[in-house]
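Hydrogens, waters and symmetry mates play no part in the numbers below; they use all other heavy atoms, side chains included. Both counts, for ligands and for their atoms, begin at 1 and track the order of listing.
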Amino acid sequence: MRKQTPIAELLRATEATSDIEIAGWVRTRRDAKEFSFLELNDGSCLANLQAVLDSACQGFDSIRDATTGSAVRIRGDLVTSLGKGQRWEVRTTHLEIVGRCPEDYPLQKKRHGDEFLRTIAHLRSRTNKFGAMFRIRSRLSYAVHQFFQDRGFHYIHTPIVTGLDCEGAGEMFRVSTIDPHTIATQGKFTYADDFFGKAAHLTVSGQLAVETYCLALSKVYTFGPTFRSENSNTSRHAAEFWMIEPEIAFADLDDDMRLAEEFVRYLVAFLRSDCRDDLALFNQFVDPELEQRLDNIQNSEFVRLSYTDAIDILLKSNVVFEFAPRWGADLQSEHERYLAEQHFKGPVFVHDWPTEIKAFYMRNNDDGRTVAAMDLLMPKVGELIGGSQREERLETLQARLLALGFRPEDYWWYLDTRRFGTAPHAGFGLGFERFLMLVTGVSNIRDVIPFPRTPNNLEF
Ligand code: 4AD
Ligand code: MG
């Protein structure tokens with residue numbers, strides 16, 4: 001088999017090259033009197049490569065089958081293009097139709113609405129915008145690993161199925177092999193009959209598991225899918241999403257915020273140098289303010305503000321919010337956006353939150369009413385990161401579990417880490433889809449994940 005060259009590589013060529021082979025999909029075909037032109041895309045980059053064919057080309061008699069969407073393989077010479085807007089084109093000597101594409105192909109038109117494309121998630125990656133999105137997603141995944149691996153963090157594969165029914169981060173999906181119809185007809189159910197012999201759920205966060213590794217390997221992270229069944233049909237929530245969760249030992253909330261800031265800046269810098277062409281598409285067609293927002297993230301100090309001060313600012317803002325800000329209540333997304341977009345016009349850490357509205361594992365502050373937690377708020381997406389210093393004191397943690405009505409024996413392994421050589425530690429979770437929305441300007445989470453899962457939406 002001949003080896004084809006990716007279009008991205010050919011477009012970077014510095015000299016003409018004879019006898020190359022490429023394989024890809026036809027975006028458009030134009031027929032002139034003596035020539036046909038194919039715009040080919042193989043997904044290696046945003047740009048197409050133009051192939052020029054005439055009747056001397058072997059296989060030219062099948063040119064009518066080179067319709068939009070069809071898969072083709074061509075051979076020819078890479079030569080300087082006489083046409084405008086491109087440096088190279090292929091003077092084609094061989095054409096092979098690999099897979100035909102009939103007229104009912106849904107991507108005949110050049111531009112389609114996002115909503116329509118969501119109904120064909122299995123094909124939308126063939127459009128410029130979604131091709132660009134998922135190349136960016138791939139490169140940023142790589143950058144996530146690069147950032148942590150370069151700094152001596154170890155990647156921990158935390159489990160997807162958990163035996164805990166509270167991991168402190170949201171509503172959970174059940175995992176079971178028992179058919180609900182069987183339960184309905186038999187009228188009884190015991191967990192002893194189920195696969196694990198106990199209740200099982202999909203994880204909402206890898207944090208509790210990764211903490212145990214933190215207290216052995218010092219610097220760790222997990223990056224994987226997480227699941228939340230809260231029925232919030234918003235443009236920023238998905239039932240299945242990916243989260244990056246680092247955890248650092250012998251560290252406090254300040255160290256945690258410093259790491260989060262360095263991480264976010266790193267990813268933005270990587271994106272801008274690595275994904276120029278794909279990023280330019282979003283700036284041009286999706287969000288004209290994108291470059292400015294990325295500049296802002298790279299050049300501004302991330303503000304650090306206590307929750308108490310944040311509430312003060314909201315109360316003094318003279319803005320009529322749908323939900324009145326109140327000390328002790330969670331920040332609503334309108335509050336988050338006001339702080340990041342209007343008041344500070346940039347990234348804001350809100351730290352030291354009221355104990356009652358935060359998870360059991362967050363470290364109690366000396367004031368007796370707040371915990372060492374932080375959220376990073378961003379223009380456009382609101383909360384991008386949630387994190388905290390963890391409660392490392394055994395008695396305090398046990399008391400907190402009891403106060404919340406949990407059974408400490410369910411958390412015996414978690415409590416063991418506080419019993420045996422406990423140490424201060426901290427970590428955070430960055431929602432990968434929220435980050436992608438932030439850096440591409442795409443305003444619906446369904447358009448930054450290959451196959452979105454949201455309430456009443458599970459295509460296949
Ligand atoms: O703030 P959260 O719930 O924090 C945790 O899960 C902690 N265990 C993280 C940690 O300390 N290791 O979630 C973290 C981030 C949020 O800031 C948000 O960006 C994203 O995950 N997120 C979601 N993204 C998409 N859809 C959802 N339903 C999300 N819920 C949270
Ligand atoms: Mg949160």
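Remark: aromatic rings of H351 and Y307 are distant, center separation not under 6.0 Å.
Looking at F432 against ligand 1, nothing comes within 4.0 Å, counting heavy atoms. At a heavy-atom cutoff of 4.0 Å, ligand 1 is contacted by the side chain of F241 but not by its backbone. Neither the backbone nor the side chain of T226 has a heavy atom within less than 4.0 Å of ligand 1.
Looking at E247, Q389, Q207, R236, it is Q207 that brings a heavy atom closest to atom 10 (C) of ligand 1. The residue among I445, D256, T222 with a heavy atom at the shortest distance from atom 25 (C) of ligand 1 is I445. Of all the listed residues (E211, R228, E167), R228 holds the heavy atom that lies closest to atom 5 (C) of ligand 1.
In summary, the atoms of ligand 1 found under 4.0 Å from a heavy atom of G387, numbered by their order in the structure, are 11 (O). Those atoms of ligand 1 with a heavy atom of Y361 less than 4.0 angstrom away are 7 (C), 8 (N). Those atoms of ligand 1 with a heavy atom of M243 less than 4.0 angstrom away are 6 (O), 13 (O), 14 (C), 21 (O). Listed by atom number, the atoms of ligand 1 under 4.0 Å from I385 heavy atoms are 17 (O). Near E230, with a cut-off below 4.0 Å to any heavy atom, the atoms of ligand 1 are 28 (N). Of all the atoms in ligand 1, the ones that sit under 4.0 Å from a non-hydrogen atom of H237 are 26 (N), 27 (C), 28 (N).
A donor-acceptor pair is defined here as one N or O able to donate and one able to accept, closer than 3.5 Å; such a pair exists between the side chain of Q389 and the backbone of L253. Between the side chain of R135 and the backbone N or O of G43, at least one donor-acceptor pair lies under 3.5 Å. Under the 3.5 Å distance criterion, the side-chain polar atoms of R236 are matched with a main-chain donor or acceptor of V381. When atom types are taken as modelled, the side chain of D367 and the backbone of T370 share a donor-acceptor pair closer than 3.5 angstrom. Remark: the backbone N or O of V204 is paired with a side-chain donor or acceptor of R228 at under 3.5 angstrom. Looking at D375, its side chain never comes within 3.5 Å of a backbone N or O of V350 through a donor-acceptor pair. Between the side chain of T417 and the backbone N or O of T212 there is no donor-acceptor pair closer than 3.5 Å.
If you check which protein heavy atom lies closest to atom 26 (N) of ligand 1, you get A238 N, 3.0 Å. For atom 19 (O) of ligand 1, the closest non-hydrogen atom on the protein side is L384 O, 2.8 Å. Among protein heavy atoms, the minimum distance from atom 12 (N) of ligand 1 is reached at E245 OE2, 2.7 Å. Looking only at protein heavy atoms, the nearest one to atom 1 (O) of ligand 1 is E383 OE2, 3.0 Å. Protein heavy atom in closest approach to atom 11 (O) of ligand 1: R390 NH2, 2.9 Å. Looking only at heavy atoms of the protein, atom 4 (O) of ligand 1 is closest to G386 O, 4.1 Å. Remark: minimum distance from atom 20 (C) of ligand 1 to any protein heavy atom is reached at G431 CA, 3.6 Å. When only non-hydrogen protein atoms are considered, atom 18 (C) of ligand 1 lies nearest to R434 NH1, 3.4 Å.
In this structure, Y221 has no heavy atom closer than 4.0 Å to ligand 1. Using a 4.0 angstrom heavy-atom cutoff, K358 does not count as in contact with ligand 1.
The Mg ion (ligand 2) is closest to atom OE2 of E383 (considering only N, O or S atoms).
Residues K380 and S443 have side chains in contact (heavy-atom distance under 4.5 Å, counting atoms from C-beta outward). Using a 4.5 Å cut-off on side-chain heavy atoms (C-beta onward), N444 and D114 make no contact. Two residues are said to be in side-chain contact when any heavy atoms from C-beta on lie closer than 4.5 Å; F148 and F263 meet this criterion. Side-chain contact between R400 and E391 is absent, with no heavy atoms from C-beta onward closer than 4.5 Å. Residues W242 and S141 fail the side-chain proximity criterion, which asks for heavy atoms closer than 4.5 Å.
Between Y411 and F406, the angle of the ring planes lies from 30° to 60°, which puts this pair in the tilted group.
Considering backbone and side-chain atoms alike, S388 places every N or O at 3.5 Å or more from each N or O of ligand 1.
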